[in-house]
Visitor: 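Attaching a single structure in structure tokens format; questions to follow.
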Amino acid sequence: MIRLPEISKGETVHILGIESSCDETAAAVVEDGRRICSNVISSQVKLHAAYGGVVPEIASRRHLEQINLIIEQALDEAGLNLRALSAVAVSSGPGLVGALLVGVSTAKALAYAARLPLIAVNHVEAHLYANFLTGAGIRYPLVALIASGGHTSLLLMPEPDEIVSLGQTRDDAAGEVFDKVARAMGLGYPGGPLIDRLAAQGNPAAIDFPRAYLDDMEGRFDFSFSGLKSAVISHLHHMRQKDETPDPADLAASFQEAVVGVLVDKTVAAAREHGAACVLLAGGVAANSRLRSLMREELLHALPGVPLYFPPPGLCTDNAAMIAAVADHHYRRGIFAPLNLNASAGLPPGS
Amino acid sequence: MALLDGEALLAEFTLNIRKTHSERLMPLIDALLKESAIEREQLQAVAVAAGPGSFTGIRIGVSTARALAQGLDIPAVGVSTLQALAEAVPSPGALICPLLDARRNEVYSALYRREAHPPRGLEMLIPPAAVELGPFAERLKTYGEPIVFTGEGLNSYASYLSEALGGLAVLPEAPQRACRAAWVALCGRRLLEQGHPASFHELLPQYLRRPEAERRLKERKRGAK
Ligand SMILES: [Zn+2]
């Protein structure tokens, strides 16, 4: 039923990527999986700031209002019309199901109308592929940490096009705890950059917050941040009861160190165990300066010579260039999605 | 979904099974066109029931319509689900009340009158809104005339209405309650003929209700004052 396009050896592949899994509506055109022809993002951050987090219904409504316009801009900037494309790709999960459905419905109808093949992309895997857009010297096997407001995943790529999930968060995503702690501290939203900036002036050893390592063999690469979140909130509460004001910089630094410490330790342990030739960071939390510096330090110490790559800030957060980049691999292997494609809130990477 | 060619209804599918629209919609559109031997490039406009209804359901329909229009470079128009329901009732002079379940003890409804004389268009007496059925039924009663109800809200509220309105409530059976795509197509064509905006950019859902979180935030702000 799925039509396989003829791919000739020298064909230039242009894929339109569509992304709507959380609070960014995005479309991009990528050539041959590497060159970004256009990358348009409409962020809803301001829309959700009043709520201290993403409100799914509000996000879905906004996606619908924006998505066709964003697609039009992405095509215009790439100087291509729909019919000149090789395929339409969309992130079909994981994410907020109502938000994903806007992208999926749009991509299906657009691909159908323009008689283009449709490609379904795993959003978390796509984050990993953002690193392929920067021309970094990627070698295999590689270990990747994908951390954002929606997901925290440790992935292994033993070879090109093969992704194995090593671990996931069991509760809150890393970026989500940043948001919730920032909210409890009255800092604002989104919490990641605010805490990062504040923490730079604080003492990371001021307060000893708990770190969940989940030491059972099965879950040793899983994450859990809800205990840490509760500890920070109850610390704030106790201080207020005693009429003491916590030093916000020390609190931010100590909290951040606890999150980043676990992320780094597990990533380095996974890289060692799997003999990684390089380590990748991606997702919004990959923009955290302490995560980058500590990861580099610990890698240098534990696995000297193993390089660390992370995308520029614009490609860390949700974008559609990464969707089109990963779709290029699907395209070349002839993996296409049927018209009954659905969105999936909990699509695990590597599935 | 339905395919309208001039005055003729070429094909229509109605599926009322609780399977996700997301999986069904595009394959059905494809099947409808194939069965009708129409190429997608031959479509001249697309109309969609833009609400009210389930937020997610509306969005799947509207997203699909917008992207089809964008991809095929044709006009697209949104039709009120309530009006499409009322259009199906031809009786001259009749009061027509479409009813959809809006949950949280409310219904989406409106009141129309079918004009007694040609061209026998629909006059809107009460605009579409999410309302509590009890007070709304009281309001309908004041018209003192028979009211033809329609819409799938009747699946839950038919007996309530016959009790509240007595003999004034005209309650059709299941086959006449569903919102049929042929009426959506027809209403859409009329809107386009009347010069309604035809660009998919202007095609937006008719939710009739704010997101729950927005409502609560407003209440909190009001409470804080
Ligand atoms: Zn993401």
Side-chain angles (χ1 to χ4, degrees), chain A residues 1 16 18 20 25 27 47-72 75 81-83 85 88 90 92 96-116 118 337-344, chain B residues 1 19-34 39-43 46 48 50-51 54-74 76 78 199-207 209-218 220-221:
Chain A
M1 185 191 140
L16 170 70
I18 297 173
S20 71
T25 318
L47 208 57
H48 300 284
Y51 303 93
V54 178
V55 181
E57 176 60 23
I58 293 177
S60 305
R61 290 187 179 200
R62 189 70 177 158
H63 283 307
L64 176 54
E65 290 160 16
Q66 292 291 308
I67 197 159
N68 303 87
L69 193 67
I70 299 298
I71 290 169
E72 204 168 77
L75 291 170
N81 64 35
L82 262 179
R83 266 147 244 277
L85 295 172
V88 175
V90 65
S92 63
L96 304 169
V97 74
L100 286 164
L101 275 172
V102 174
V104 168
S105 304
T106 301
K108 286 199 290 187
L110 203 61
Y112 182 78
R115 295 187 187 269
L116 292 170
L118 176 72
L339 283 178
N340 67 358
L341 173 69
N342 205 351
S344 164
Chain B
M1 63 219 56
K19 266 248 174 158
T20 84
H21 296 306
S22 166
E23 285 174 37
R24 295 277 166 166
L25 189 54
M26 276 315 303
L28 279 178
I29 289 174
D30 186 40
L32 189 83
L33 289 171
K34 282 204 178 105
E39 297 292 342
R40 59 202 85 169
E41 289 81 5
Q42 289 174 266
L43 293 174
V46 51
V48 63
S54 121
F55 294 164
T56 302
I58 297 172
R59 270 193 295 270
I60 292 169
V62 172
S63 303
T64 301
R66 283 174 66 126
L68 280 176
Q70 184 173 27
L72 293 167
D73 200 15
I74 56 174
S199 164
F200 58 86
H201 289 302
E202 282 145 287
L203 165 52
L204 289 171
Q206 300 166 20
Y207 296 110
R209 214 188 236 165
R210 289 180 179 288
E212 184 67 17
E214 203 177 297
R215 218 172 47 83
R216 263 181 284 154
L217 185 74
K218 281 230 166 77
R220 264 208 307 280
K221 276 184 179 162

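Every chain is numbered from 1 and lettered A, B, ... according to where its sequence line falls, protein lines coming before strand lines.
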Visitor: Are any side-chain N or O atoms of Arg59(B) and backbone N or O atoms of Gly98(A), one a donor and one an acceptor, separated by less than 3.5 Å?
Guide: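 No, the answer is negative, given that no donor and acceptor are paired below the 3.5 Å cut-off.
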Visitor: Among Leu64(A), Val55(A), Leu82(A), Val104(A), who wins on heavy-atom pairs under 4.5 Å with chain B?
Guide: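 The candidate making the most pairs under 4.5 Å is Leu64(A).
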Visitor: Name the member of Leu101(A), Asn342(A), Asn68(A) that forms the most heavy-atom pairs with chain B at distances under 4.5 Å.
Guide: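 Of the options given, most contacts go to Asn68(A).
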Visitor: Between Thr56(B) and chain A, which part of the residue has a heavy atom less than 4.5 Å away: side chain, backbone, both or neither?
Guide: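 When you check distances to chain A, only side chain atoms of Thr56(B) fall under 4.5 Å.
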Visitor: At a heavy-atom distance under 4.5 Å, which candidate from Leu72(B), Leu43(B), Ile74(B) has the highest pair count against chain A?
Guide: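 Greatest number of close heavy-atom pairs with chain A: Leu72(B).
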Visitor: Just one of Glu65(A), Glu57(A), His63(A) clears the side chain to side chain donor-acceptor pair (under 3.5 Å) bar with Arg61(A), so which one?
Guide: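 Going through the options one by one, the only one that passes is Glu57(A).
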Visitor: Which region of Leu204(B), side chain (C-beta onward) or backbone (N, CA, C, O), has a non-hydrogen atom less than 4.5 Å from a non-hydrogen atom of chain A, or is it both or neither?
Guide: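 Looking at Leu204(B), just its side chain touches chain A.
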Visitor: The criterion is side chain to side chain donor-acceptor pair (under 3.5 Å); which residues satisfy it with Glu72(A), sequence neighbours excluded?
Guide: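 By the side chain to side chain donor-acceptor pair (under 3.5 Å) rule, Glu72(A) matches His201(B).
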Visitor: Quick one: does any side-chain atom of Ser20(A) pair with a main-chain N or O of Ala99(A) as donor and acceptor, under 3.5 Å?
Guide: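 Pair found, side chain donor or acceptor close to backbone of Ala99(A).
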Visitor: Side chain, backbone, both or neither: which part of Arg83(A) has a non-hydrogen atom closer than 4.5 Å to chain B?
Guide: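 The side chain, not the backbone.
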Visitor: Who wins among Glu212(B), Arg216(B), Arg210(B) for the most heavy-atom pairs under 4.5 Å with chain A?
Guide: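 Highest number of pairs under 4.5 Å: Arg210(B).
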Visitor: Where on Val102(A) is there a heavy atom nearer than 4.5 Å to chain B: the side chain, the backbone, both, or neither?
Guide: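 The answer is both parts of Val102(A).
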Visitor: Considering non-hydrogen atoms only, spot the tightest contact between Leu118(A) and Pro338(A) and give its length.
Guide: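 Nearest heavy atoms, Leu118(A) then Pro338(A): CD2-O, 3.8 Å.
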Visitor: Would you be so kind as to tabulate the donor-acceptor pairs closer than 3.5 Å made by side chains of residues 107-114 of chain A, with sequence neighbours excluded?
Guide:
unit_1: Lys108(A); atom_1: NZ; unit_2: Leu339(A); atom_2: O; d: 3.1
unit_1: Lys108(A); atom_1: NZ; unit_2: Leu341(A); atom_2: O; d: 2.7
unit_1: Lys108(A); atom_1: NZ; unit_2: Ser22(B); atom_2: O; d: 2.5
unit_1: Tyr112(A); atom_1: OH; unit_2: Asp30(B); atom_2: OD1; d: 2.7

